[in-house]
Protein chains: 2
Amino acid sequence: MTTPILTKNQSLVFDVLTKAEAPLSAYTILDKLRDHGFRAPLQVYRALDKLLEYGVVHRLESINSFVACAHPDENCHSHGLVAFAICESCGQVIEFHDHEVDHRLMHWLKSHKFKAEKSTIEIRGHCASCAA
Amino acid sequence: MTTPILTKNQSLVFDVLTKAEAPLSAYTILDKLRDHGFRAPLQVYRALDKLLEYGVVHRLESINSFVACAHPDENCHSHGLVAFAICESCGQVIEFHDHEVDHRLMHWLKSHKFKAEKSTIEIRGHCASCAA
DNA sequence: TCAATTGCGTTATGCTATAACGTGTGCGAT
DNA sequence: ATCGCACACGTTATAGCATAACGCAATTGA
């Protein structure tokens, strides 16, 4: 799946996420885009839905926020599972992939005949800089 | 950590979760307990906070819901990471543990000097019964 | 040209979670 | 015994996250 040309709203939302140092909530994105004509949450959520579908943005379920994918070039769907380490001090997020973890989880799913569609792996804690 | 005697509200919430076939949202729990005098969300959230702290209930971040721990006897903190397979058809949740997954994630965290505090592993899809 | 699709804007609403206040109860230390 | 503290509880209000439902405009392809 290649990413289509983004619409105006999608580009605006994507740019905001790309420039952000940390994940942003939909409402934070909305506030940052009021100067560009955004007035309602749905404008943000609709853009986010598409960006998530294209795989260029990830949703962090545990903090109700969104981040740009750390791999601008490759297609994120090809990495297998994606995991996130989220620092609760500085807010920074490290996106990573571990094939062994993927493999073990896939093995469990297969052996239980569970058809996976979406997965969430999020670790919250403190990054190297923030840990005392 | 051993689980203290539960208060009345905590017991009521725990019982509702234990009897449920699927995870419940806080507001669903509230509705089920109106006959027992519950009137406000905080009554549920406060009980849930304690039950989570005691490790007898888990929160499913990806669906904003709560389930009773599948291991009534043991202390859930001793399992290492907990993972959940959530069926989007029937709502059923399977709680499982995989030491190899734990080990790999811990290894990544250690090598990146990331101090983990809470982790979320949730797979959404369709269980064996529901998959066509 | 017509119909279907897609994006967009707006209003309203629903769901999830917490802040802030005050009350009552049990219990240990003085 | 009573004072002070910790904790659970109840209530009202509010904050934060997400979607339903409507209609309009632009695009595309039969």
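Below, all heavy atoms of this structure are taken into account, side chains as well, without hydrogens, waters or symmetry copies. Convention: sequence-line order gives letters A, B, ...; per-chain numbering from 1.
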Below 4.0 Å: OP1/OP2 of C:dC15 and any side-chain N or O of B:Asn64: no
Heavy-atom side-chain contact between B:His112 and A:Phe96 under 4.5 Å: no
Does either side chain, that of A:His103 or that of B:Glu100, offer a donor lying less than 3.5 Å from an acceptor on the other one? no
Is the shortest side-chain heavy-atom distance between B:Leu48 and B:Gln10 below 4.5 Å? no
By nearest heavy atom, map B:Tyr27 and A:Thr7 onto DNA chain C; which one lands nearer the 5' end? A:Thr7
For the pair B:Gln43 (side chain) and B:Asn9 (backbone), establish whether a donor and an acceptor sit closer than 3.5 Å, ignoring hydrogens and angles. no
Nearest whole Å is fine: how far is C:dT18 P from B:Leu30 CG? 15 Å
Output the rounded distance in Å from CD1 (B:Ile63) to P (C:dC15). 16 Å
Of all heavy-atom pairs between B:Val44 and B:Phe38, which one has the smallest distance, and what is that distance? CG2-CD2, 3.8 Å
May I have the distance from B:Leu52 (atom CG) to C:dA17 (atom P), rounded to whole angstrom? 11 Å
Nearest-nucleotide check on DNA chain D, B:Gln10 vs A:Pro41; residue mapping nearer the 5' end is B:Gln10
Heavy-atom pair with the smallest gap, counting every atom of A:Arg34 and A:Arg39: NH1-O, 3.6 Å
DNA chain C: 5'-proximal contact among A:Lys8 and B:Ser25 (nearest heavy atom): A:Lys8
A:Tyr45 OH to C:dC8 P, straight-line distance once rounded to whole Å: 17 Å
Could you tell me from which nucleotide to which nucleotide of DNA chain D, 5' to 3', there is an atom under 4.0 Å from chain B heavy atoms? D:dA8 to D:dT12
Within this structure, what is the CD-to-C1' distance between B:Gln43 and C:dG24, rounded to whole angstrom? 15 Å
How is B:Arg46 classified with respect to the nucleic acid when contacts are heavy atoms under 4.0 Å: base, sugar-phosphate, or nothing? base
Round to a whole Å and report the spacing from CG of A:Leu42 to P of C:dG9. 11 Å
Salt bridge or not for A:Glu61 and B:Arg124, using N-O below 4.0 Å? yes
Rounded off to whole Å, could you give me the CG-to-P distance for the B:Asp49 and C:dA19 pair? 10 Å
